[in-house]
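The residues of the chain are indexed from 1 along the displayed sequence. Side chains are part of it too, since the values below use all heavy atoms of this structure and drop only hydrogens, waters and symmetry mates. Here the structure is a predicted model, which is why all the values come from computation and not from measurement.
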Amino acid sequence: MRGRSYTPSPPRGYSRRGRSPSPRGRYGGGRSRDLPTSLLVRNLRHDCRPEDLRRPFERFGPLKDIYLPKDYYTGEPRGFGFVQYVEPGDATEAKYQMDGHILHGRELTVVFAEENRKKPAEMRHRERGGRGGGGGRYRDRRRSPPRYSRSPRYSRSPPRRSRDYSPPPKERHYSRSISPRDGRFWEVLEFLVFAAGQLGDQNLAFKLQLRVNNTRLTILVEGVLGSDDSRKMSWKHASASNWHVFHRAFVGINIGTDVSSMPPASDVVAILKAHQITHIRLYDADAHLLKALADSGIEVTVGVTNEEVLGIGQVPARAAAWINKNVASYVPSTNITAIAVGSEVLTSIPHAAPILVSAMNNLHKALVASNLNFQVKVSAPQSMDIIPKAFPPSTAAFNTSWNSVLYQLLQFLKNTNSYYMLNAYPYYGYTNENGIFPIDYALFKPLPAVKQIVDPNTLFHYNSMFDAMVDATYYSMQGLNFSGIPIVVTESGWPWQGGPNEPDANVENAQTFTNNLIQRVSNNSGPPSQPTIPINTYIYELFNEDKRPGPVSERNWGVLFTNGTAVYPLSLIGSSQITANSTGVFCVAKPDASEDKLQDGLNWACGQGQANCSAIQSGQPCYLPNDIKNHASYAYNDYYQKLRSVGGTCDFDGTATTTTIDPSHGTCVYTGSTNSTAGGGFLPPTALGPISPLGESTKLPVSKIQFLFSAACLAVVLL
């Protein structure tokens with residue numbers, strides 16, 4: 001919605017306007033010539049060529065050598081290779097990003113090479129030592145079990161006979177204490193970061209997170225973590241599973257500064273704190289705001305303006321300067337976690353499109369040099385205009401004229417574990433489509449049965465245009481063979497005032513849309529095709545930007561006035577927050593319902609109904625008593641609490657009923673319960689609103705004692 005100036009006739013798609021403002025920068029970071037520059041790449045296909053490795057690996061820096069060993073006697077490729085960089089920092093980044101990368105249908109394993117490239121004579125000598133009976137270290141290598149297991153994490157192809165070179169195991173010394181070189185260290189420390197956030201000590205949590213990031217980077221540079229794949233795999237699996245369990249969607253807000261009476265930066269931060277807003281996006285790197293946000297704990301996405309994209313993409317030094325001036329000089333006091341490169345570059349300044357990914361790469365390399373690449377992600381907001389036909393979502397595809405750029409962009413996001421930034425505006429989706437879709441669909445209101453929006457190919461029901469837009473983007477990414485890249489909606493909103501020819505821009509619609517959007521995001525579920533991936537969303541916008549050109553609506557998207565008062569009632573922000581179940585009504589299974597019908601209802605709720613059924617899995621807080629009535633009650637209630645505001649009912653083919661008696665028991669807390677003394681870590685926040693910097697609501701109904709106990713238990717298990 002920013003990044004481009006207003007044009008008299010709005011575009012066909014679902015996006016808003018663009019933006020621009022100022023430059024910045026400085027960068028540092030040295031290197032040691034003792035650090036490794038060579039990588040060992042395993043699980044290569046036997047027809048792999050050096051140029052096949054060169055293309056993906058040289059994105060991280062200049063290469064010195066690529067070597068694919070062959071068996072000295074048979075001449076067959078050995079299924080592994082060496083990639084050597086000029087700079088150690090490039091090798092470190094490539095190792096981190098390319099480990100797990102898919103090449104020719106195989107998942108690569110990338111570690112630091114423990115030895116330099118061997119000459120043919122040395123390889124022959126080594127082979128002879130292994131074939132003879134001389135008692136060397138490499139004797140009978142082909143008959144010994146492989147050092148690294150070929151689990152699905154590392155290879156999707158059948159195991160080959162073990163001709164591949166594998167360095168001999170080092171002598172290990174064991175200790176009862178754990179250190180950063182032990183995979184258990186990461187699991188304990190990462191969990192403590194999360195626990196500290198839930199205990200309300202955001203400063204401690206942030207410091208711990210920096211400890212995790214900086215120490216992990218140090219380990220990577222030293223080449224220690226890569227020397228033990230089993231340890232590395234344990235860390236990745238632990239962190240991935242913890243994120244799946246603990247991560248919850250957040251609602252953030254955009255802050256534009258085209259305001260004639262913009263409050264001082266300190267007042268803006270005070271307003272954010274008063275309304276418990278914990279995630280913001282800036283369209284530039286405003287020095288006053290970044291300084292005022294210090295020690296607030298608020299997560300900040302800073303913007304590279306469209307005017308800056310070309311220079312940063314063409315000259316790496318400018319990217320380095322930008323990072324140092326606008327990121328490194330404020331962190332860690334200011335909690336900067338993302339950089340938005342441009343605003344809808346492909347559609348607002350298409351001449352800069354070929355350089356967009358270069359700009360992102362240059363910024364990322366500058367973050368690596370400043371040891372900030374784990375904390376700060378890089379992405380680029382795009383509008384829905386690059387998807388010409390977004391409905392039905394299952395057939396949506398990116399405009400083919402942008403395929404080359406988008407492929408590179410998605411590959412960058414995949415390699416850096418970043419996310420796709422999407423600007424999604426149901427307001428434009430409705431007003432530009434000439435009544436094809438009902439306005440209730442754009443406002444998250446329930447539709448009559450005869451007007452349900454269904455994808456004819458997948459039969460998915462779409463309760464809102466917002467979900468359909470997000471799903472259309474997921475399907476478009478799949479069309480370019482990318483999956484697993486989450487979407488963050490960086491802009492969405494509704495204008496509360498318009499001109500004579502803008503009847504749908506009014507306070508009633510704006511209030512309905514914004515409150516329902518917050519409720520939808522807080523459900524912590526994804527769109528129908530990706531139900532387990534929450535849709536983190538930034539509302540457009542905090543204040544009305546009365547200096548913007550264009551129609552009346554263009555200047556009336558703000559949810560607050562500059563004095564901090566709300567333009568219209570927001571049920572889930574600040575002092576007017578309500579709980580997820582302010583009426584005290586729950587949905588449970590009827591005592592006399594048949595088990596067959598209950599099973600059908602349970603399957604529907606946990607499947608198509610998108611209820612969060614994690615808590616009734618084996619070993620989780622609500623698993624016992626292990627009977628169909630208990631499990632159905634939990635699932636029914638979770639569905640009902642999340643969707644009743646948009647038409648969800650408590651019926652389930654006559655097997656459910658409402659009750660004012662809280663069905664929570666022991667450590668099993670039902671969705672919507674006000675019981676704050678129990679919890680299982682799987683429930684939505686009691687106050688559904690902006691989320692804390694660690695991804696959880698600051699009012700999660702879990703006691704400090706239980707979190708400390710959980711942390712201690714995890715530490716005991718890991719130790």
Quiz prompt | Side chain D471, main chain P393, donor-acceptor under 3.5 Å | solution = no

Quiz prompt | Exercise: do N423 and T490 side chains pair donor with acceptor under 3.5 Å | solution = yes

Practice problem: Search all heavy atoms of P486 against all heavy atoms of I533 and return the closest pair with its distance. | Solution: CB-CG2, 4.0 Å

Quiz item: At their closest point, which heavy atom of A380 faces which heavy atom of V341, and how far apart are they?
Solution: CB-O, 3.5 Å

Practice problem: May I ask you to check whether Y420 and Y474 place their ring centres under 6.0 Å from each other? | Solution: no

Practice problem: Look only at the side chain of R78 and the backbone of P69, and say whether a donor-acceptor pair between them is shorter than 3.5 Å. | Solution: no

Practice problem: Determine the minimum heavy-atom distance between A390 and A472, stating which atoms define it. | Solution: O-CB, 3.5 Å

Self-check item: Under 3.5 Å: donor-acceptor pair, side chain of Q375, backbone of I336
Solution: yes

Quiz item: Do you know the tightest heavy-atom contact between G342 and N306?
Solution: CA-OD1, 3.2 Å

Practice problem: Please answer whether the main-chain N or O of D385 pairs with a side-chain N or O of S383 as donor and acceptor at a distance below 3.5 Å. | Solution: yes

Quiz item: Between OG1 of T416 and OH of Y96, what distance do you get to the nearest 0.5 Å?
Solution: 9.0 Å

Exercise. Determine the minimum heavy-atom distance between G100 and E107, stating which atoms define it.
Key: O-CG, 3.4 Å

Practice problem: Would you confirm whether N362, through its side chain, and A359, through its main-chain N or O, come within 3.5 Å as a donor-acceptor pair? | Solution: no

Exercise. Starting from the C-alpha separation in whole Å, work towards a yes-or-no answer on side chain to side chain contact (heavy atoms under 4.5 Å, CB included) for T37 and E87.
Key: CA-CA 6 Å; T37 60; E87 297 290 338; over 6 Å; no

Quiz prompt | Donor-acceptor contact below 3.5 Å, side chain N457 vs main chain S394 | solution = no

Practice problem: Identify the two heavy atoms, one from P388 and one from N399, that lie closest to each other, and give their separation to 0.1 Å. | Solution: CD-N, 3.7 Å

Exercise. For this output row, return yes or no: ring centroids of Y475 and F398 closer than 6.0 angstrom.
Key: no

Exercise. Please answer whether the main-chain N or O of L103 pairs with a side-chain N or O of R106 as donor and acceptor at a distance below 3.5 Å.
Key: no

Quiz prompt | T473 (side chain) donor-acceptor with M469 (main chain) under 3.5 angstrom | solution = yes

Quiz item: Is a side-chain donor or acceptor of T337 paired with a backbone partner of E299 at a separation under 3.5 angstrom?
Solution: no

Practice problem: Let me see the working for Y538 and F250 under ring-ring contact (aromatic ring centres under 6.0 Å, His included), right down to the final yes or no. | Solution: CA-CA 8 Å; Y538 292 82; F250 64 76; 5.5 Å; yes

Self-check item: Side chain E308, main chain T305, donor-acceptor under 3.5 Å
Solution: yes

